[in-house]
Number of protein chains: 2
Amino acid sequence: MADVARLAGVSKATASRALGNYGAVSETVRERVATAARELDYRPNELARSMNTGRSMSIGVVVGDIENGYFGLAMRGITDTARRAGYDVVLANTSESVEAEIDAVKVLLDKRVDGLIISPASAYETQHLHDARDTGRPIVLLDRRLPGLDVPSVEVDIAPAARAATTALIESGHRRIAFISALTTDGPEFTGLPLGVSSVTDRLEGMLQALGAAGLDVSADLIRFGAVSRETTRQIVRQLFELPDPPTAVLASDSVIALDVLLALRERGLTVPDEVSFVAFDDFSWAELIDPPLTIVSQPVHQVGVTAAEVLLLMLQGGRPATQRHTLVADLVNRGSTGRPRLSARAARPQDAG
Amino acid sequence: MADVARLAGVSKATASRALGNYGAVSETVRERVATAARELDYRPNELARSMNTGRSMSIGVVVGDIENGYFGLAMRGITDTARRAGYDVVLANTSESVEAEIDAVKVLLDKRVDGLIISPASAYETQHLHDARDTGRPIVLLDRRLPGLDVPSVEVDIAPAARAATTALIESGHRRIAFISALTTDGPEFTGLPLGVSSVTDRLEGMLQALGAAGLDVSADLIRFGAVSRETTRQIVRQLFELPDPPTAVLASDSVIALDVLLALRERGLTVPDEVSFVAFDDFSWAELIDPPLTIVSQPVHQVGVTAAEVLLLMLQGGRPATQRHTLVADLVNRGSTGRPRLSARAARPQDAG
DNA sequence: TTGTAAGCGTTATCAA
DNA sequence: TTGATAACGCTTACAA
């Protein structure tokens, strides 16, 4: 910059004003500086710039697993939206570990990101998020809300769709409906809502509402967590179908689980939807490709990312979002993986396992 | 920092040394400073730190489409590896647009990332990458190499697997084998190798080698580009199967195309593998779930990301990678989507289209 | 409209 | 082992 100023025959301050397009600069000087800059292949040091403007023009995004299609798609919405507004995105992956999240938030804050979009790993350990908010930098929660933390969240209103899906199953005659999630809980047993992740709570809540409305009991043994790998999911499916009174329908909490459950079902020789009805939350490309095409609760995932970025952008400009809870709608898409339960499916088939 | 120094009763320089763990500081002073820092909830300004160390401890990653599972998985490998070494990742998505890429590289460089991992959108327009390299900051190419640019690349050695896949098809009796890619080329017609993206070139080269070795002609009309959306892919499939001599086998260049081709095939009532054999490049979760399970050329995508990060990290530490071209191996996984061609498939079925 | 000088929060240099 | 002081490369008063 000093070189540019010298070549243009002006002071550093004037050159800075000319290149930064602020303050008052005469047209002739502006051009002279521009020419000098081009001549010298000048590139601004955004670090220095950020240091005294106090704005880094970067936002931090903290997600559980970028490898998961859900976050990939949301990420796409975030980056595109942020970029259009001149912001860059610093990505941190936590593997759904709170420790990693704590660390990521710290690092991002130290690097002076202007704001944060976070999909918090836990609703219980949130001190670091309170601290982050207390730095004054805006935070937006992605896909999950936090009861105790007063910051905007962008979510999908999934409970109604979960309820609709469950109700449809009940109306088809299902009485034993299982729910499988990757969420890790204290114990393997379901002990009640809310859970550590609101988006999972909402799914379950919708399901329980439907059950309740139909006067059906909630069987804690059909609500299973910790499906974090193909192997654990397989075990869960095994346990479920070795129950004296096995489920006739299964809800999978996301697309990764859906895949593993479907694989486990097939391994056990259980056909969908004849022996087991199947519904997956989340939107994923192959849902309509497989046989049978999957009944799913579709979510506007890309839009979730876009909206999260928009809300953050608004706050970055000093605005206050009209509401703290931004919800997008989910849709139940009925396809071929759900149908009437058949008696044959109610017989446990433990011997079929591979 | 000044406050911390004051509270600890030392100079700014000493406090900085104590907190930054460098230089010589007595144990007592170190503790005094640490206590003061804790007391004041001191957090370093990494921007200021970066400004005079010249290292931002951030790397930039520029990919075509983070939404694509391939990049999502590679990204996971990159972030995890970088994080372990203390680096953050700034992500830029280009939508495979060279202009966006040029812009992204500029911004990242201005923000002083210490290095770059790029999956270049084009092998033709690379001036910005030469410029980037000339800044002295290390660059590693991901998934694609650039003939004219002397920087390390991390790729999958996919030509042999592509050749093996094609050879297997030929040995099964196939003579008309189509290749469909999303790559956008100058014209719709295939005019020869290399193409603008080396990973696509390699796939095709493997296929052409197999054809050549079997003494088979290369039909330019079976090599199709520009399958950028479900609709264009559908059109390509239509054109292919309305040919007087339609293909009996199709190779899909990646998982997104695979999905769209499969959908288009189904729409036309073409069954796999009875009427059309199908092979997809890329690794994706649902390949073994669908019916028939897909024959694929599997790639260690996560490892590609890890290796790219490792090579960059090495260069960041001043090292020189042993080789400029890092290749990982691909495997042909034979499953159910390939088989012998049947005569019936050779009859064009133009009327089946939706 | 322009220039001077101070400041952003660190680390690097050099002397003590 | 420590401290004073000068960078780092910009922006921002304030004055001219």
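So you know, we letter chains A, B, ... as the sequences are listed, proteins then strands, and number each from 1.
B:Arg43 comes within 4.0 angstrom of sugar-phosphate atoms only, judged by non-hydrogen atoms across all strands, and of no base. Contact annotation for B:Met51: base contact, defined as any heavy-atom pair under 4.0 Å involving a base atom. Looking at heavy-atom distances under 4.0 Å, A:Arg30 makes no contact with the nucleic acid at all.
Side chain of B:Val25, nearest nucleotide from C:dA12, D:dT2, C:dT10: D:dT2. Of the listed nucleotides (D:dG3, C:dA5, D:dC10), C:dA5 has the atom at the smallest distance from the side chain of A:Ala13. Ranking D:dC8, D:dT5, C:dG3 by closeness to the B:Asn52 side chain, first place goes to D:dC8. Counting only heavy atoms from C-beta on, A:Tyr42 has its side chain closest to D:dC10 among D:dC10, C:dG3, D:dG3.
Toward the 5' end of DNA chain D, the nearer of the two residues B:Ser26 and A:Ala48, judged by each one's closest nucleotide, is B:Ser26. Map B:Asn45 and B:Arg17 each onto its nearest nucleotide of DNA chain C; the residue landing nearer the 5' end is B:Asn45.
In this structure, A:Arg112 does not pair ionically with B:Glu46, as no charged nitrogen and carboxylate oxygen lie closer than 4.0 Å.
Listed by first and then second residue, the salt bridge (charged side-chain N to carboxylate O under 4.0 Å, His left out) pairs involving residues 60-82 of chain B are A:Asp65-B:Arg76, A:Glu67-B:Arg76, A:Arg76-B:Asp65, A:Arg76-B:Glu67, B:Arg76-B:Asp80 (not counting sequence neighbours).
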Pair A:Ile117-A:Val62, side chain to side chain contact (heavy atoms under 4.5 Å, CB included): steps then yes or no: CA-CA 6 Å; A:Ile117 293 178; A:Val62 183; over 6 Å; no

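Taking atom CZ of B:Arg55 as the reference point, atom P of C:dA12 lies 11 Å away to the nearest angstrom. In this structure, A:Met1 atom CE and C:dG3 atom C1' are separated by 14 Å, rounded to whole Å. As rounded to whole Å, 15 Å separates atom P of C:dG9 from atom CG of B:Leu19. Atom CD of A:Glu46 is separated from atom C1' of C:dC8 by 15 Å (rounded to the nearest Å). Following rounding to the nearest Å, B:Arg6 (CZ) and D:dG3 (P) show an atom-to-atom distance of 14 Å. Between A:Glu27 atom CD and C:dT1 atom P the separation is 10 Å, expressed in whole Å. In this entry the distance linking CZ of B:Arg49 with P of D:dC10 reads 22 Å, nearest Å. Straight-line distance from the CG atom of A:Asp110 to the C1' atom of C:dT10: 13 Å, rounded to whole Å.
Neither OP1 nor OP2 of D:dT2 sits under 4.0 Å from any side-chain N or O of B:Thr14.
Side-chain atoms of B:Arg144 do not come within 3.5 Å of backbone N or O of B:Ser199 as any donor-acceptor pair.
For A:Gln324, the side chain to side chain contact (heavy atoms under 4.5 Å, CB included) test picks out A:Asp150, A:Pro152, A:Pro321, with sequence neighbours left out.
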